[in-house]
Participant: 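I'd like to ask you about the structure that follows.
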Amino acid sequence: MKYPGIILLLFIVFMQGCYYDNKDILNPGTGCDTTIVTYSASVNPVLTAYCVGCHSGANAPLGVNLETYPNVKLQTGKLFGSVNHSPGFIPMPKNENKLSDCNIAKIRKWVAAGAPNN
Ligand code: HEC
């Protein structure tokens, strides 16, 4: 064989293609990965991006401060209901679009796990 290295390389590239195809089938369309959900990597970035603009400091609305874990933990009972727009909860983020299904799924999973500080 004249170019075994090239053939091997093409084979590896081809196999990579198969790997990504399979991953797409496992997570159809959304690209939403909720396999591992933590406060620091999953929940805090969402709250920082969509909530902390209003929910911070001494004058946070209804005393709901979402800046730090201990304060967020206090709101565990309302967090999912508000972002999911469940009946009986004030829908959040206030006057803005509902969070993505992926971000809501992450919050639901984290709350269901007991809102751990991880
Ligand atoms: C534009 C400002 C604003 C943003 C952004 C916002 N909130 Fe609020 N939030 C409020 C206000 C004001 C209230 C007080 C109730 C009211 O006036 O509707 C409130 C109330 C709440 C409450 C208490 C609800 C209750 O039933 O007691 C929770 C929980 C809450 N927000 C969570 C969130 C979360 C989670 C986000 C981000 C996804 C968020 N908020 C984004 C302004 C905001």
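First listed ligand is number 1; within each ligand, the first listed atom is number 1.
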Participant: Of all the heavy atoms in Asn95, does at least one lie under 4.0 Å from an atom in ligand 1?
Facilitator: no
Participant: To check your reading of the model: name the closest protein heavy atom to atom 25 (C) of ligand 1, its residue, and the distance in Å.
Facilitator: Lys78 CD, 3.6 Å
Participant: What's the NE2-atom 8 (Fe) of ligand 1-SD angle here (His55, Met92), rounded to 10 degrees?
Facilitator: 170°
Participant: Do side-chain atoms of Lys109 reach the backbone of Thr35 as a donor and acceptor pair under 3.5 angstrom?
Facilitator: yes
Participant: Near atom 8 (Fe) of ligand 1, is there an N/O/S atom from Ser82 that is less than 2.8 Å away?
Facilitator: no
Participant: Short list, please: which atoms of ligand 1 are under 4.0 Å from a heavy atom of Val83?
Facilitator: 35 (C), 38 (C)
Participant: Could you tell me which non-hydrogen atom of Glu67 sits nearest to which non-hydrogen atom of Gly57, and how far apart they are?
Facilitator: OE1-N, 3.3 Å
Participant: In terms of residue, atom name and distance, what is the protein heavy atom nearest to atom 13 (C) of ligand 1?
Facilitator: Pro61 CB, 3.4 Å
Participant: Hey, does Val83 have a side-chain heavy atom less than 4.5 Å from the side chain of Tyr50?
Facilitator: no
Participant: Ignoring hydrogens and angles, tell me if any N or O in the side chain of His55 forms a donor-acceptor pair with the backbone of Val64 under 3.5 Å.
Facilitator: yes
Participant: Within this structure, what is the SG-CG distance for the pair Cys51 and Leu66, rounded to the nearest 0.5 Å?
Facilitator: 5.5 Å
Participant: Would you say CG of Asn118 has more than 12 non-hydrogen atoms from neighbouring residues, nucleotides or ligands within 6.0 angstrom?
Facilitator: yes
Participant: As an exercise, identify every atom of ligand 1 less than 4.0 angstrom from a heavy atom of Leu79.
Facilitator: 35 (C)
Participant: Given Asn103, Leu47, Val64, which one has a non-hydrogen atom that is nearest to atom 23 (C) of ligand 1?
Facilitator: Val64
Participant: With heavy atoms of Cys54 as the reference, note each atom of ligand 1 found under 4.0 Å away.
Facilitator: 1 (C), 2 (C), 3 (C), 4 (C), 5 (C), 42 (C), 43 (C)
Participant: Main chain of Ser42, side chain of Trp110: is a donor-acceptor contact present, judged purely on distance under 3.5 Å?
Facilitator: no
Participant: For ligand 1, which atoms sit closer than 4.0 Å to a heavy atom of Tyr50?
Facilitator: 5 (C), 37 (C), 41 (C)
Participant: Show the atoms of ligand 1 that are less than 4.0 angstrom away from any heavy atom in Ile90.
Facilitator: 15 (C), 18 (O), 24 (C), 25 (C), 26 (O)
Participant: Looking at ligand 1, would Ile107 count as a contact under a 4.0 Å heavy-atom criterion?
Facilitator: no
Participant: Nearest protein heavy-atom contact for atom 18 (O) of ligand 1: which residue, which atom, what distance?
Facilitator: Lys94 NZ, 2.8 Å
Participant: Please determine whether Cys51 has a backbone or side-chain N, O or S atom lying under 2.8 Å from atom 8 (Fe) of ligand 1.
Facilitator: no
Participant: For the residue pair Tyr39 / Asn44, report whether a side-chain donor-acceptor contact shorter than 3.5 Å exists.
Facilitator: yes
Participant: Taking atom 15 (C) of ligand 1 as the point of reference, which of Val46, Leu99, Leu62 owns the nearest heavy atom?
Facilitator: Leu62
Participant: Short question: side chain of Thr34, backbone of Lys106 - any donor-acceptor pair under 3.5 Å?
Facilitator: no
Participant: Is there side-chain contact between Asp101 and Cys32, with at least one heavy-atom pair below 4.5 Å?
Facilitator: no
